[in-house]
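Since the model is a prediction, treat every value here as computed from it, not as a measurement. Every chain is numbered from 1, with letters handed out A, B, ... down the list of sequences.
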Amino acid sequence: GISLSASVIPLGASITASCTINPNCTLTEKAIRIVWRLDLEQLPEGWQHQREDGTLESNITLPHLNLTHAVLSCCLLLPGTLQVIEQAELQAGYPPQPPNNFSCIMNLTAQVLTCQWKSGPSTHLTTIFTVKSYKSKGNCQSLEEPIPDCIPRAGEENQCSIPRSQFHMYQKIEIWVKAENMLGEAESPHLCINPMEVVKLEPPILQAAKAMLDPGSSLPQPGCLQLQWKKARQNKHLEQTCDLRYQHPGELNWVLMSPFLSFSPQNEGEHSLCGLHFGTRYVLQMRCIRWPMSGHWSDWSPSLELTT
Amino acid sequence: PLSSHNSLPQSFLLQSQEQVRKIQMDMEELQQRLCADYSLCHPEELILVGQYLGIPRPPLKNCYSQDLRLAACLNQLHDGLQLYQELLKALQGISPELAPTLDTLQLDVADFTATIWLQMEDLQVTPKIMPILGTLPSFSSSFWRRAGGILIFDRLQAFLETAYRALRHLSQV
């Protein structure tokens with residue numbers, strides 16, 4: 001068999017292998033010597049000798065393994081033929097760098113805390129990412145109860161979602177992501193967050209717009225509209241503030257009205273928008289954020305297109 | 001012992017308001033479904049059932065304005081929420097359609113209980129001994145579970161309204 005100083009090594013490092021073929025292997029009688037092969041390349045002769053019990057042994061050192069993956073074969077050179085007796089897989093790479101841009105968002109619809117990060121440069125090795133977290137308090141000076149590790153699903157290497165049943169939404173947790181492979185491990189900076197403070201709302205709905213009547217004359221007020229809006233159902237219990245933006249179709253820049261409105265408990269309503277040109281086509285969008293308590297902006301709502 | 005002059009921080013009140021609203025939203029959804037699917041729309045039609053089931057009604061007298069004391073009120077509120085957590089757990093199996101919303105309600109009540117406890121810790125008024133919860137009703141049929149649900153949601157609504165009024169008052173002291 002083949003024994004290795006290590007099967008996974010830093011790229012460019014050296015590795016020593018030893019191949020032993022015991023005497024009752026009939027081939028050894030006609031064997032000329034042991035030959036080493038790295039993938040398909042025959043290597044210079046290693047140090048070899050035959051023990052008293054007839055065991056054939058050969059050792060070889062590869063000073064700098066610059067392949068991230070290779071197959072080392074121990075072969076017997078026989079008259080007119082080379083026989084592969086045993087193989088070993090070699091891997092070379094790097095220990096992981098600390099993951100960066102680690103952030104988390106609370107999704108009230110899916111009721112999960114989703115964390116994402118950027119992994120460092122490729123390690124060329126299988127590297128496992130695990131989101132680790134603890135319930136905590138205050139500024140996370142003390143770690144309380146551990147929350148089960150979150151292992152990313154296949155195909156989602158840089159993201160993981162923790163179900164809300166594993167933590168309290170209004171209590172601090174200390175959370176980070178750990179990267180680990182055969183050559184080492186590294187951690188992202190630790191975050192101390194209250195999940196509700198990183199809540200990202202579902203976008204509101206801009207339902208319709210109608211002419212705004214002039215109170216005095218009940219005639220449409222030029223350049224003004226009455227916009228009908230509605231909070232997303234999942235966010236109805238949250239106080240929010242919202243922005244509105246509008247543009248002429250095809251134009252790049254938006255006109256931003258920030259804040260456009262703040263809701264307390266209402267879930268839907270109307271709000272006036274003036275300063276528009278008459279007989280002009282507009283595209284309008286709205287987004288909201290939990291307010292006065294903290295959170296993340298929702299995405300912009302689906303567009304409402306209209307002509308004044 | 002803490003005098004009643006200590007008040008609750010505004011951030012705690014804002015957060016409690018949000019959590020109470022969420023719990024009420026969850027319960028409204030459950031009540032609407034129970035009314036639509038099983039014609040169980042009025043708790044007052046279930047008084048006899050309520051007596052038979054013996055659903056406990058957690059006290060909140062320390063949170064009524066005449067006798068409003070911060071530590072005693074928070075303590076009673078916390079105990080009541082813990083009892084409601086157990087009552088909601090007993091409703092498991094109420095119906096497959098309601099199960100997800102009931103799970104969410106349980107988590108929301110658990111979160112609000114944790115918020116109250118954290119505030120008690122911040123004010124250093126956590127009790128030395130935790131109360132032993134009384135005997136809980138057992139709902140031996142789907143009907144008992146649904147009827148029990150209507151009664152529990154109704155009482156929890158009232159409990160939360162009293163609690164929130166007290167918390168608001170305690171944050172203005």
Side-chain angles (χ1 to χ4, degrees), chain A residues 106-113 134-142 144-145 147 162-174 192-199 201-202 230-241 262-268 288-295, chain B residues 8-30 32-33 74 77-78 81-82 85 88-89 92 99-124 126 156-157 160-161 164-165 167-168 171:
Chain A
M106 184 69 211
N107 178 327
L108 290 185
T109 306
Q111 303 210 71
V112 292
L113 180 69
Y134 281 78
K135 291 181 187 175
S136 190
K137 282 183 195 149
N139 300 322
C140 296
Q141 311 95 314
S142 64
E144 309 252 326
E145 202 185 312
I147 294 167
I162 305 171
R164 142 204 195 171
S165 53
Q166 291 178 1
F167 54 83
H168 286 304
M169 298 236 282
Y170 290 83
Q171 191 173 333
K172 284 284 171 67
I173 60 177
E174 177 157 352
C192 178
I193 56 170
N194 168 326
M196 271 309 282
E197 286 168 1
V198 292
V199 67
L201 305 186
E202 293 296 332
K230 191 177 178 183
K231 275 191 209 176
R233 190 180 63 80
Q234 304 86 343
N235 313 330
K236 283 200 296 189
H237 61 296
L238 302 177
E239 290 195 24
Q240 305 163 41
T241 186
S262 296
F263 335 107
S264 46
Q266 315 124 284
N267 300 331
E268 52 192 296
C288 298
I289 190 171
R290 181 183 187 227
W291 179 88
M293 291 192 274
S294 57
Chain B
L8 292 169
Q10 203 53 36
S11 58
F12 167 78
L13 184 71
L14 260 179
Q15 188 174 297
S16 299
Q17 182 184 38
E18 185 174 282
Q19 292 188 261
V20 165
R21 260 204 306 260
K22 179 62 168 51
I23 293 169
Q24 289 173 329
M25 248 175 71
D26 297 335
M27 290 198 290
E28 270 163 36
E29 190 172 329
L30 289 165
Q32 283 163 7
R33 291 295 300 269
L74 287 179
L77 173 52
H78 182 265
L81 287 169
Q82 284 199 307
Q85 278 189 70
L88 292 172
K89 220 177 276 178
Q92 286 292 330
T101 309
L102 182 60
D103 291 344
T104 299
L105 172 60
Q106 278 183 265
L107 290 171
D108 288 333
V109 173
D111 275 354
F112 188 39
T113 310
T115 297
I116 300 295
W117 182 261
L118 271 180
Q119 189 57 46
M120 289 163 76
E121 282 186 342
D122 286 354
L123 295 169
Q124 293 158 8
T126 49
L156 179 50
Q157 286 279 15
L160 290 173
E161 272 149 25
Y164 183 68
R165 270 198 306 273
L167 295 179
R168 194 172 48 208
S171 71

_Within 6.0 angstrom of A:Gln141 CD, more than 12 heavy atoms from elsewhere_ =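 Yes, because the 6.0 Å sphere around CD of A:Gln141 holds more than 12 heavy atoms from other groups.
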Pairwise distance [atom1]([X]) to [atom2]([Y]) - rounded to 0.5 angstrom:
X: B:Gln19; Y: A:His237; atom1: CD; atom2: NE2; result: 8.5 Å
X: B:Leu107; Y: A:Gln111; atom1: CG; atom2: CD; result: 6.5 Å
X: B:Lys22; Y: A:Met169; atom1: NZ; atom2: CE; result: 6.5 Å
X: B:Glu29; Y: A:Arg233; atom1: CD; atom2: CZ; result: 5.5 Å

Given that the side chain runs from C-beta out, which part of [X] has a heavy atom under 4.5 Å from chain A: side chain, backbone, both or neither?
X: B:Thr113; result: neither
X: B:Gln10; result: neither
X: B:Leu14; result: both

_salt_bridge(A:Lys236, B:Glu28) N-O dist < 4.0 Å_ =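 Result for this pair is no, no salt bridge flagged.
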_Check this for me: does any side-chain nitrogen of one of B:Asp108 and A:Arg164 sit under 4.0 Å from a carboxylate oxygen of the other?_
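Salt bridge flag = yes for A:Arg164 with B:Asp108.
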Non-hydrogen atoms of [X] and [Y] that approach each other most closely:
X: A:His168; Y: B:Ala110; result: CE1-O, 3.6 Å
X: B:Leu118; Y: A:Tyr170; result: CD1-O, 4.3 Å
X: B:Arg21; Y: A:Leu238; result: NH2-C, 4.1 Å

*Test side-chain contact (heavy atoms from CB on, under 4.5 Å) on B:Gln17 and A:Glu239 and set out the steps.*
CA-CA 10 Å; B:Gln17 182 184 38; A:Glu239 290 195 24; 3.2 Å; yes
*State, with a plain yes or no, whether a side-chain heavy atom of A:Arg290 is found less than 4.5 Å away from one of B:Glu18.*
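Side chain of A:Arg290 against side chain of B:Glu18, heavy atoms only: contact under 4.5 Å found.
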